[in-house]
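The next block holds one structure in the form of structure tokens; read it before the comments.
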Amino acid sequence: MHFYNSMTRSKESLVPIEAGHVKLYTCGPTVYNFAHIGNFRAYTFEDVLRRTLLYNGCRVTQVMNLTDVDDKTIRGATAAGVPLKTFTAPYVQAFFADLKTLNIQPAEVYPAATDHVPEMLALVEKLFARGLAYKSDDGSVYFSVAKLPGYGKLSHLDRDQLRAGTRVAQDEYEKESYGDFAVWKSWDAHDGDVFWDSPWGRGRPGWHLECSAMAMKYLGETFDLHTGGIDNLFPHHENEIAQAEGATGKPFVNLWMHCAHLRVNGEKMSKSLGNFFTLRDLLGTGWSGREIRYVLINGHYRQPLNFTFDALDAARSSLARIDECVDALTVLAGQTASGALPAWAVLGRQAFEAAINDDLNVPEAFAALFALVRESNSAMHQSALTPEHAAAVLAVFDALDGVFGLIRFGRALGAGMPPEIEALVQARAAARANKDFAGSDRLRDELAAKGWEVRDSKEGQKVKRL
Ligand code: AMP
Ligand code: ZN
């Protein structure tokens with residue numbers, strides 16, 4: 001597997017520190033609102049990455065944090081007049097529901113920032129011990145970027161632009177205002193009852209500190225992969241590196257991956273443009289999680305993705321093509337054990353693997369999937385596919401689906417057929433193979449009585465719910 005490392009700006013081979021076990025940190029949601037589909041572009045990209053690692057036989061330990069204390073969550077809780085936990089809890093719940101809707105595999109650990117304040121305080125202590133942190137007049141603790149020689153290496157900052165002594169208190173800021181950033185923010189009236197006691201007085205952690213502390217707690221001081229959306233690169237990830245490497249003196253992460261932004265109808269998604277969608281907005285207009293997932297993963301993660309309703313329409317018909325092919329293969333295979341794989345399917349699987357292992361080239365991987373659909377249809381059309389072949393080809397679709405998470409998603413085997421219906425369809429296939437047409441017709445009537453229509457075609461039986 002080769003991935004583009006944002007730090008070195010080149011494709012590198014992934015060599016896990018522990019052979020066969022990849023440790024992955026993926027920046028998670030700030031739970032002050034429902035996640036929007038731009039966020040889900042990042043989470044589906046990370047899901048495809050995780051699934052690709054698994055496809056290649058790696059064990060994966062993925063950590064995704066929940067940012068449940070930061071500038072935005074405190075602002076939201078204050079505006080709503082409720083305690084912080086009461087404010088964030090429904091968004092945490094909604095987030096997990098949304099992951100299921102999009103068939104995103106769960107991470108191994110979802111640490112919440114508010115549960116890890118002691119680890120964060122210990123990290124700040126280390127920064128003080130190494131002369132990298134100082135307390136400012138306002139009582140907050142800042143990281144002194146000029147004291148860390150490597151600061152700026154991820155975002156390729158021009159260190160000459162640093163004006164000594166400038167400080168930024170906010171969690172989010174632009175490259176232009178880079179300076180010392182807050183690792184611990186002293187309490188003020190806006191924070192209400194949100195504070196923890198620390199050796200530097202009452203306060204709360206900075207957002208960047210949260211991720212450094214939780215990543216190292218669960219994955220070790222140096223681990224394999226760290227990802228997020230491109231907006232996380234600076235300052236968030238740059239500051240995560242500074243805190244971790246400043247405290248340990250060891251490299252923090254071996255490979256950084258960032259996905260480009262999602263745009264909607266060619267424009268930046270924003271509330272003022274009226275093109276701002278949560279997953280729930282789209283489900284409410286009749287699109288399925290499966291269709292939305294299709295659109296979100298169908299692009300190269302390093303290219304901006306343009307989200308349109310035409311793309312959702314196209315996803316719907318592409319999925320129907322896949323379903324029809326997989327259903328026909330399922331009917332043909334029946335209960336037969338898998339046999340030899342036709343040469344075109346071997347090539348198709350290889351093309352898929354070459355694509356996905358080359359920096360997650362999902363568009364090429366889809367091309368390989370559709371080549372398999374085409375070849376399967378044409379082989380069935382020419383009656384050149386035995387049930388043994390069909391079973392083997394189906395196993396390839398299933399293997400690829402380990403990465404796509406689309407083919408079996410939300411569908412029982414063969415168009416959501418209950419086992420009883422599947423058994424009748426297979427009995428009918430056997431009857432037809434034995435030229436028992438009376439039996440075949442009887443089975444067709446029985447299926448119709450149960451609400452399923454069977455149509456015979458050159459590719460075999462096509463079954464659908466009436
Ligand atoms: P946040 O909740 O703002 O911390 O963001 C959670 C994740 O979504 C981060 O990895 C962000 O980089 C990512 N993200 C935010 N907006 C977009 C967008 N429009 N396109 C892609 N990823 C995004
Ligand atoms: Zn983070």
Side-chain angles (χ1 to χ4, degrees), residues 27-33 65-92 111-129 131-148 151 162-214 231-232 234-240 242-244 246-247:
C27 282
T30 307
V31 282
Y32 72 111
N33 209 331
N65 65 292
L66 303 169
T67 300
D68 59 352
V69 54
D70 79 323
D71 295 350
K72 292 189 277 196
T73 42
I74 293 176
R75 213 179 300 136
T78 311
V82 295
L84 186 64
K85 275 263 183 220
T86 312
F87 175 71
T88 57
Y91 298 121
V92 173
T114 50
D115 295 332
H116 293 80
V117 176
E119 287 84 349
M120 297 169 200
L121 293 175
L123 186 53
V124 179
E125 296 270 19
K126 282 192 190 154
L127 296 177
F128 268 105
L132 292 166
Y134 63 91
K135 192 170 168 181
S136 74
D137 304 338
D138 64 5
S140 293
V141 178
Y142 283 85
F143 186 100
S144 178
V145 298
K147 295 223 174 98
L148 188 74
Y151 187 81
L162 176 68
R163 281 165 294 140
T166 35
R167 285 198 286 269
V168 262
Q170 309 92 293
D171 284 330
E172 291 176 278
Y173 55 93
E174 300 299 321
K175 256 187 183 177
E176 293 72 53
S177 49
Y178 103 79
D180 293 351
F181 59 90
V183 294
W184 184 258
K185 305 190 189 202
S186 66
W187 182 87
D188 72 24
H190 295 298
D191 294 339
D193 60 358
V194 180
F195 62 81
W196 286 263
D197 287 314
S198 85
W200 317 285
R202 281 184 168 181
R204 58 176 171 103
W207 171 39
H208 320 300
L209 184 75
E210 299 176 6
C211 279
S212 299
M214 293 190 281
D231 59 306
N232 279 165
F234 184 88
H236 185 50
H237 292 162
E238 191 70 64
N239 294 351
E240 275 189 44
Q243 296 161 142

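Predicted model only: the values in this text are computed from it and were never measured. Residue numbers start at 1 and run along the sequence shown.
When every heavy atom of Asp138 is checked against every heavy atom of Ser186, the shortest pair comes out as O-OG, 2.8 Å. Minimum interatomic distance between Ala146 and Asp180 (heavy atoms only, all atoms of both residues): N-OD1, 4.5 Å. Between Pro205 and Val69, the shortest heavy-atom contact is CG-CG1, 4.4 Å. Across every non-hydrogen atom of Tyr91 and Val31, the tightest pair is CD1-O, 3.6 Å. For the pair Pro111 and Met214, the tightest heavy-atom approach, listed with the atom from each and the gap, is CB-SD, 3.6 Å. Nearest approach of Ala182 to Tyr142, heavy atoms of both residues: N-CD2, 3.5 Å.
A donor and an acceptor atom, one from each side chain of Trp184 and Ser198, are located under 3.5 Å apart. Judged purely by distance below 3.5 Å, without hydrogens or angles, the side chains of Thr67 and Asp70 never pair a donor atom with an acceptor atom.
Using a cutoff of 4.0 Å between basic side-chain nitrogens and carboxylate oxygens, Asp197 and Arg202 are scored as salt-bridged. The existence of a salt bridge linking Asp188 and Arg204 is excluded, since no basic side-chain nitrogen approaches an acidic carboxylate oxygen closer than 4.0 Å. The existence of a salt bridge linking Lys85 and Asp68 is confirmed by a sub-4.0 Å separation between a basic side-chain nitrogen and an acidic carboxylate oxygen. Ion pairing between Asp171 and Lys185 holds under the 4.0 Å rule for side-chain N and carboxylate O.
Partner Phe143 forms a ring-ring contact (aromatic ring centres under 6.0 Å, His included) with one of Phe128, Tyr134, Phe181 and no other, that one being Phe181.
Atom OH in Tyr178 sits 10.0 Å away from atom OH in Tyr173 (nearest 0.5 Å). Put simply, CD on Glu210 and CD on Glu240 are 10.0 Å apart, with the number rounded to the nearest 0.5 Å. Going from atom CG of Asn33 over to atom CZ of Phe87 covers 7.0 Å, rounded to the nearest 0.5 Å. Distance check, rounded to the nearest 0.5 Å: CG of Asp231 to SG of Cys27 gives 9.5 Å. A distance of 10.5 Å separates CD in Glu119 from CG in Leu209, rounded to the nearest 0.5 Å. In this structure, NE2 in His208 is found 8.0 Å from CD in Glu172, a value given to the nearest 0.5 Å.
The closest donor-acceptor contact from the side chain of Ser144 to the backbone of Leu132 lies at 3.5 Å or more, if one exists at all. Here the side chain of Trp207 pairs no donor or acceptor atom with the backbone of Thr30 at under 3.5 angstrom. Remark: the backbone N or O of Ile74 is paired with a side-chain donor or acceptor of Thr78 at under 3.5 angstrom. Of the possible donor and acceptor atoms, one in the side chain of Gln243 sits under 3.5 Å from a partner among the backbone N and O of Asn239.
Side-chain atoms of Tyr151 and Glu238, non-hydrogen and from C-beta on, do get closer than 4.5 Å to each other.
For Lys175, the NZ atom counts as densely surrounded, since its 6.0 Å shell holds more than 12 non-hydrogen atoms of other residues, nucleotides or ligands.
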Apply the test side chain to side chain contact (heavy atoms under 4.5 Å, CB included) to residues Lys135 and Ser140: give CA-CA distance (whole Å), side-chain angles for both, the deciding distance (0.1 Å), then the verdict.
CA-CA 6 Å; Lys135 192 170 168 181; Ser140 293; over 6 Å; no
